[in-house]
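The analysis underlying the following values was restricted to heavy atoms, covering all of them including side chains, and did not include hydrogens, waters or symmetry mates.
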Amino acid sequence: MNSTYVQLKQNLEYLKLKQMILHLDEVLDFITANNLSFTEGLVKLTSHEIDFKEANMIRSMVKVGAFPHHKELNDFDFEFQPSINEQEIKDFETLRFLEAAENIVFLGSSGVGKTHLAVSLGIAAAKKRYSTYFIKCHDLIQQLKKAKLENRLEARLRHFCKYKLLIIDELGYLPIEKDDAKLFFQLVDLRYEKRSTILTTNINFNSWDDVFYDPVIANAILDRILHHAHVINITGKSYRLKEYMNQDDE
């Protein structure tokens, strides 16, 4: 083991380039066997470090997203839900809608796969290092209410506005009081035409007045959400019912 090799390992250790240390001998052997240049060998060695750090960054972005599960688009059974245009959903996975600051609304009854699709697109965005966050609508409202009581509503609104993609799950499953509807409107208004939002809901748009207890606020929210939006109306059966029936058959 010559002194230059020792010094190189020490330098890599000092710089905390652990993957380069781990793959050093392998790359040196590869360089010798394939008669590579110094530059080619260095590119190969540094690629190990970059790939490792990129994978860590992706895992971190997905973790920050606070997804309730790790279900991706490949896990979705499109054959079970023929009302969904598979090609349209896969086009969303290209994330062009994010660059255009467009919204997506998944509308349908409980259990049809709305949350699965929303999470899948969120994970796809996080993997491409877009700041993404998932939250239940009720939890979002509670956080905004608490922030208002503590005189830090503006900061909390800015927090939710910073995400390139915000996924709000289960809008309409619980009623939203009139004052809380105003808080929700403020967030929607701040994100309007600047950031993308994915909403899942079981309530048809003509019934949103009943959810928000205020037709003026409901219309203002709908206007901003739907202005640049893709609405996916899922009319199929419940996945949970399907799983139950499969278990019963067994």
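- Proximity of Glu54 to Arg129: side-chain heavy atoms (C-beta onward) are separated by under 4.5 Å at one or more points.
- Counting only heavy atoms from C-beta outward, the side chains of Met61 and Tyr130 never approach each other to under 4.5 Å.
- For the pair Asp214 (side chain) and Lys178 (backbone), a donor-acceptor distance under 3.5 Å is absent.
- One N or O on the side chain of Ser83 and one on the backbone of Thr235 form a donor-acceptor pair closer than 3.5 Å.
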inquiry  = Let's go through Ile234 and Leu107 carefully: what are the C-alpha distance in whole Å and the side-chain angles of both, what is the deciding distance for side chain to side chain contact (heavy atoms under 4.5 Å, CB included) to 0.1 Å, and is it a yes or a no?
reply    = CA-CA 6 Å; Ile234 308 174; Leu107 172 65; over 6 Å; no
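- Ring pair Trp208/Phe205 is perpendicular by interplanar angle, where above 60° counts as perpendicular and below 30° as parallel.
- Taking 4.5 Å as the limit, every side-chain heavy atom of Ile198 sits out of range of all side-chain heavy atoms of Leu166.
- Here the closest non-hydrogen pair linking Lys162 and Ser131 is O-OG, 3.7 Å.
- Side-chain atoms of Thr200 come within 3.5 Å of backbone atoms of Glu170 as a donor-acceptor pair (strictly under, hydrogens ignored).
- Put simply, the residue from Asp180, Leu187, Leu171 that forms a side chain to side chain contact (heavy atoms under 4.5 Å, CB included) with Ile141 is Asp180.
- Within a 6.0 Å radius of CD in Glu40, other residues, nucleotides and ligands contribute more than 12 heavy atoms.
- Note: the hydrophobic cluster containing Val231 does not contain Ile84 (ILVMFWY, side chain heavy atoms under 4.5 Å, direct or indirect links).
- Under a 4.0 Å N-O distance rule, the pair Lys127/Glu72 qualifies as a salt bridge.
- A salt bridge links Glu154 with Arg158: the closest approach of a Lys/Arg side-chain nitrogen to an acidic carboxylate oxygen falls below 4.0 angstrom.
- Between Phe160 and Tyr163, the two ring planes are tilted [angle within 30° to 60°].
- When every heavy atom of Cys137 is checked against every heavy atom of Ile176, the shortest pair comes out as SG-CD1, 4.1 Å.
- For the atom pair Leu45 CG and Leu8 CG, the distance stands at 7.5 Å (nearest 0.5 Å).
- Separation of atoms NZ (Lys148) and CG (Asp179) is listed at 5.5 Å; rounding is to 0.5 Å.
- Side-chain atoms of Glu102 never come within 3.5 Å of backbone atoms of His228 as a donor-acceptor pair (strictly under, hydrogens ignored).
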request  = Could you walk me through whether His230 and Phe97 pass ring pair (Phe, Tyr, Trp, His ring centres under 6.0 Å), step by step?
outcome  = CA-CA 9 Å; His230 305 270; Phe97 77 95; 7.3 Å; no
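- Side-chain atoms of Asn2 come within 3.5 Å of backbone atoms of Thr4 as a donor-acceptor pair (strictly under, hydrogens ignored).
- What you find for Ser120 and Lys71 is that their closest heavy atoms are OG-O, 2.9 Å.
- Taking the centre of each ring, Tyr173 and His138 stay at or above the 6.0 Å mark.
- Counting only distance, with no hydrogens or angles, the side chain of Asp169 and the backbone of Ile135 share no donor-acceptor pair below 3.5 Å.
- Taking a 6.0 Å sphere around CD of Glu88, one finds it holds more than 12 heavy atoms contributed by other residues, nucleotides or ligands.
- Residues Val105 and Phe92 do not share a hydrophobic cluster, defined by chaining ILVMFWY side chains whose heavy atoms lie under 4.5 Å apart.
- Side-chain contact between Lys18 and Leu12 is absent, with no heavy-atom pair separated by less than 4.5 Å.
- The environment of Lys63 atom NZ is sparse: at most 12 non-hydrogen atoms of other residues, nucleotides or ligands sit within 6.0 angstrom.
- Placement of Ile217 and Leu226 within a single hydrophobic cluster is found when ILVMFWY residues are connected by side-chain heavy-atom separations under 4.5 Å, directly or transitively.
- Across all non-hydrogen atoms, the minimal contact from Ser109 to Lys114 is O-NZ, 2.9 Å.
- Proximity of the aromatic rings of Phe78 and Phe76 is defined here by a centroid distance below 6.0 angstrom, and this criterion is met.
- For the atom pair Leu144 CG and His159 NE2, the distance stands at 10.0 Å (nearest 0.5 Å).
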message = Between Ser110 and Asn202, does the side chain to side chain contact (heavy atoms under 4.5 Å, CB included) criterion hold? Intermediate values first, please.
response = CA-CA 7 Å; Ser110 179; Asn202 64 335; 6.0 Å; no
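- Under the 4.0 Å criterion applied to side-chain N and carboxylate O atoms, Glu13 and Lys9 are not assigned as salt-bridge partners.
- No more than 12 heavy atoms of other residues, nucleotides or ligands shown are found within 6.0 angstrom of CG on Asn74.
- Side-chain contact check for Thr132 versus Val62: every heavy-atom pair is 4.5 Å or farther apart.
- A ring-centre distance under 6.0 Å is found for Phe212 and Phe184.
- Using modelled atom types, one side-chain atom of Asn219 and one backbone atom of Pro215 make a donor-acceptor pair closer than 3.5 Å.
- The two atoms that bring Val43 and Ser47 nearest to each other are O-OG, 2.7 Å, heavy atoms only.
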task = Start with the C-alpha gap between His69 and Thr115, add the side-chain angles, then the distance that decides, and say whether side chain to side chain contact (heavy atoms under 4.5 Å, CB included) holds.
result = CA-CA 10 Å; His69 46 66; Thr115 300; 4.1 Å; yes
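- Around NZ of Lys136, the count of heavy atoms belonging to other residues, nucleotides or ligands within 6.0 Å exceeds 12.
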request  = Could you check Asp25 against Tyr5 for side-chain hydrogen bond (donor to acceptor under 3.5 Å, both in side chains), going step by step and ending with a plain yes or no?
outcome  = CA-CA 10 Å; Asp25 291 341; Tyr5 174 86; 2.4 Å; yes
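- Tyr192 and Val216 fall into different hydrophobic clusters, where Ile, Leu, Val, Met, Phe, Trp and Tyr residues are linked whenever their side-chain heavy atoms come under 4.5 Å apart, directly or through other members.
- Residues Leu199 and Asn103 form no side-chain contact, since every pair of their non-hydrogen atoms from C-beta on lies 4.5 Å or further apart.
- Counting only heavy atoms from C-beta outward, the side chains of Asn56 and Arg59 approach each other to under 4.5 Å.
- The pair Arg156-Glu150 does not count as a salt bridge, with every side-chain nitrogen at least 4.0 angstrom from each carboxylate oxygen.
- To the nearest 0.5 Å, atom NZ of residue Lys194 and atom CZ of residue Arg191 are 10.5 Å apart.
- Ring geometry for His23 against His48 counts as parallel: the plane angle stays under 30°, on a 0 to 90° scale with 60° as the upper cut.
- Taken to the nearest 0.5 Å, the CG atom of Leu15 stands 9.0 Å off from the CD1 atom of Ile21.
- Between the side chain of Asn34 and the backbone N or O of Phe30, at least one donor-acceptor pair lies under 3.5 Å.
- Annotation for Phe106 and Ile89: closest pair CE2-CD1, 4.0 Å, computed over non-hydrogen atoms.
- Of the possible donor and acceptor atoms, one in the side chain of Thr46 sits under 3.5 Å from a partner among the backbone N and O of Leu42.
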ask   = Asp77 and Gln81: side-chain hydrogen bond (donor to acceptor under 3.5 Å, both in side chains), yes or no, with the steps?
value = CA-CA 7 Å; Asp77 186 356; Gln81 296 295 22; over 6 Å; no
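- To the nearest 0.5 Å, atoms CD1 (Ile225) and CD1 (Ile104) are separated by 13.0 Å.
- Under the 4.5 Å side-chain criterion, counting only non-hydrogen atoms from C-beta, Leu165 is in contact with Leu98.
- Each of Val119, Leu117, Ile123 was evaluated against Leu73; a single residue qualifies, Leu117, per the side chain to side chain contact (heavy atoms under 4.5 Å, CB included) test.
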